[in-house]
Amino acid sequence: MPGTETIPIYRRIRLFLLHNDHTFKDIAEKAGIHPKRFYKLLDGTYSLEAEELEAICVKGLGVNPSVFFENQFSKTEN
């Protein structure tokens, strides 16, 4: 869609964590992902695998992964 910028999934998760006062370390532990890898996933250094996305969402945050695919995470450029 012209004029729309899609926010990468790792950035969507990062924003969600920050806006909901979650600590990266706590969510990494709940998800079973080493904290160093977790930080690198959420800064875009490493590609986020489907299994990691599922673990972060379901185990770490207790949400359905589809939350991060809704339109609320796209912004229109003016």
ask   = Considering all heavy atoms of both residues, which atom of Phe68 and which atom of Ile13 are nearest to each other, and what is their separation?
value = CE2-CA, 3.8 Å

query = Are any of the side-chain heavy atoms of Cys57 and Val67 separated by less than 4.5 Å?
reply = no

key: Straight-line distance of Leu53 CG to Arg12 CZ, nearest 0.5 Å   = 10.5 Å

ask   = Is the side chain of Arg11 donor-acceptor paired with the backbone N or O of Leu42 at a distance under 3.5 Å, no angle test?
value = no

key: Beyond-backbone contact of Leu17 with Leu61, side-chain heavy atoms, under 4.5 angstrom   = yes

ask   = Does Arg37 have any salt bridge (charged side-chain N to carboxylate O under 4.0 Å, His left out) partners at least two apart in sequence or in another chain, and if so, which?
value = Glu52

task = For Thr23 and Ile27, run side chain to side chain contact (heavy atoms under 4.5 Å, CB included): C-alpha distance rounded to whole Å, both residues' side-chain angles, the deciding distance at 0.1 Å, then the answer.
result = CA-CA 6 Å; Thr23 65; Ile27 300 304; 5.8 Å; no

ask   = Would Val58 and Asn64 satisfy side chain to side chain contact (heavy atoms under 4.5 Å, CB included), going step by step from the backbone distance to the final call?
value = CA-CA 6 Å; Val58 176; Asn64 188 307; over 6 Å; no

key: Inter-residue atom distance Ile33.CD1 - Phe38.CZ, 0.5 Å rounding   = 6.0 Å

query = How far does CG of Asp21 sit from CG of Asp26, to the nearest 0.5 angstrom?
reply = 12.0 Å

ask   = Can you name the closest pair of heavy atoms from Pro35 and Ala28 and give their distance?
value = CA-CB, 4.1 Å

ask   = Can you find a heavy atom in the side chain of Tyr10 that is under 4.5 Å from one in the side chain of Leu41?
value = no

query = How are the rings of Tyr39 and Phe24 set to each other: parallel, tilted or perpendicular (split at 30° and 60°)?
reply = tilted

inquiry  = Quick one: does any side-chain atom of Asp43 pair with a main-chain N or O of Thr45 as donor and acceptor, under 3.5 Å?
reply    = yes

note = NE2 of His22 to NZ of Lys30, rounded to nearest 0.5 Å, is 7.0 Å

